Amino acid sequence: MLIHEISRKIGITARAIRFYEQKGLLSPAKIKENGYRTYTEQDAWRLQTIISLREVGMTLDDIRQTLNQSDSSSQEEFIYALQLQRSMLFRQWTGMKQMIDTMDRMIHAAKVNQTLPTEQLYELAGHNKAMRDLRDSWRDHWDFDAKASQFDRQLKDENLSPNAAYEAALNLIARLVSPLIGKKGLDVGTATGNLAGKLQQLGASMSAIDQSKQMLKLCESKYPQIELKLGNVLAIPFMDGHFDIVVSSFALHHLTQPQRTLAWDEMLRVLKPGGRICLADYMLSDASEQSTYIAKIIASGANKLPMMHEEVELYPIHTDLIAWMKQHASQVASHRINELIYIVYAQK
DNA sequence: ATTCTCACA
DNA sequence: TGTGAGAA
């Protein structure tokens, strides 16, 4: 096939096809004497997948990497790339909604003022940017991909005092969100799926998200029935009003306080009217208890605990997370959620 | 008909 | 992320 023939067949310009080649996505054979490109069925297939991935917003760079991987290795990497793109679209989507909201405020400001409300506009734009930065601010400082294979074994380790009551906490959550039959639930930051799996077993139809590919892989092998998505709580990769129940266990302490506020908005967004949120996490009542606790962890040799990363606010949660939850509990009425349950899980 | 390059948005 | 024009 010559270039125009294939361009007609696929439905893109010949120019674009050469452009993709230049970007390293394609390497058609060339006829010796005149240098014309010739395209095989293989090339046509490849071109089709290129424009398919392009259609869902992947950059040419990402497409190149994805394609090169799927050439050599398994299907798995390819699916991961698709999941990654999907979660990125949700980030963009939440960003777009934020922009629209900002625009509405700008329009309102322009209406109430007769003159150009320069200051308000600037302020609104600043807030918009701050929110966008916040949304993109999640970093995995703990390397959960690397921790995945050890995760469940560590939980079972009796020496890790914070995790001794782990099972009990999950059971408490399950009890608090019951009845579960026929309910759609989301577990945020599911890791290897222990909480989601439990709720699923009790009759809920569970979805779960995690930002770690390896954690998801393990979760999938443990609980194949759970719908898993790659993504994080700052842009939950589900549509609005999708769940009866949103739960999270021992995940929120990995967020900073501003991130937590955003996480809360996201959990509300995906929750149906009348839905329930149930969150559990490590929480100590005051600073002295906190430092004692940290000392205890270090003494037990468990200094590899996820929340102990030195570059992050070291254990910022306890008191302010309690306050945060209480504050949002009072917000329930205004969001017309019938019932919000929060667990303050106090480590002895 | 096709290729390449330069410029352009 | 492409496109248009022009020379070969």
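Note that the structure is a prediction, hence the values are computed from the model and not measured. Throughout, a chain's letter reflects where its sequence line sits, starting with A, and its residues are numbered from 1.
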Checklist entry - Listed in order of residue number, which residues of residues 31-41 of chain A have a non-hydrogen atom at under 4.0 Å from DNA chain C? => result none

Checklist entry - A/Glu76: what forms a side-chain hydrogen bond (donor to acceptor under 3.5 Å, both in side chains) with it, not counting sequence neighbours? => result A/Lys217

Item to check | Nearest-Å distance for atom pair CZ/P, residues A/Phe19 and C/dT3 | outcome: 9 Å

Item to check | Nucleotide C/dT1, atom C1' - distance to CZ of A/Arg18 in whole Å | outcome: 16 Å

Checklist entry - Under 4.0 Å between a side-chain N or O of A/Tyr20 and OP1 or OP2 of C/dT1? => result no

Item to check | Transitive ILVMFWY cluster of A/Leu25, excluding itself - 4.5 Å side-chain cut-off | outcome: A/Met1, A/Ile3, A/Ile6, A/Ile10, A/Ile12, A/Ile17, A/Phe19, A/Tyr20, A/Leu26, A/Tyr39, A/Leu47, A/Ile50, A/Ile51, A/Leu53, A/Met58, A/Leu60, A/Ile63, A/Leu67, A/Phe78, A/Leu82

Next on the checklist: Can you give me the first and the last nucleotide of DNA chain B (5' to 3') that has an atom within less than 4.0 angstrom of a non-hydrogen atom in chain A?
Outcome noted: B/dA1 to B/dC6

Item to check | All ring-ring contact (aromatic ring centres under 6.0 Å, His included) counterparts of A/His4, not counting sequence neighbours | outcome: none

Checklist outcome for this item: A/Ile12 CD1 to C/dG2 P, in whole Å, measures 8 Å

Item to check | A/Ser248: side-chain contact (heavy atoms from CB on, under 4.5 Å) partners, not counting sequence neighbours | outcome: A/Val188, A/Ala251, A/Leu252, A/Leu279

Item to check | A/Gln120 to A/Ala109 - nearest heavy-atom pair and separation | outcome: CB-CB, 4.2 Å

Checklist outcome for this item: Here the side chain to side chain donor-acceptor pair (under 3.5 Å) pairs for residues 227-236 of chain A, sequence neighbours left out, are A/Ser207-A/Glu227

For nucleotides 4-7 of chain C, tabulate all protein N/O to nucleotide N/O atom pairs closer than 3.5 Å, reporting atom names and distance.
unit_1: C/dG4; atom_1: O6; unit_2: A/Arg15; atom_2: NH2; d: 2.5

Checklist entry - Could you give all pairs that pass the side chain to side chain donor-acceptor pair (under 3.5 Å) test and reach residues 94-107 of chain A, with sequence neighbours left out? => result A/Lys97-A/Asp240, A/Gln98-A/Arg135, A/Asp101-A/Arg105, A/Thr102-A/Asn128

Next on the checklist: Holding to side-chain contact (heavy atoms from CB on, under 4.5 Å), I want the full list of residues that pass it with A/Ala125, two or more places apart in sequence or in another chain.
Outcome noted: A/Met106

Checklist entry - Are any of the side-chain heavy atoms of A/Phe144 and A/Gln211 separated by less than 4.5 Å? => result yes

Checklist entry - To which residues is A/Met96 joined in a hydrophobic cluster, defined by side-chain heavy-atom contacts under 4.5 Å among Ile, Leu, Val, Met, Phe, Trp and Tyr, whether direct or through other members? => result A/Met99

Checklist entry - Which residues pass the side-chain contact (heavy atoms from CB on, under 4.5 Å) test with A/Thr40, sequence neighbours left out? => result A/Gln42, A/Asp43

Item to check | 5' precedence on DNA chain B between A/Leu2 and A/Gln22 (nearest-nucleotide basis) | outcome: A/Leu2

Item to check | Rounded interatomic separation in angstrom, taking CD1 from A/Ile17 and P from C/dG2 | outcome: 12 Å

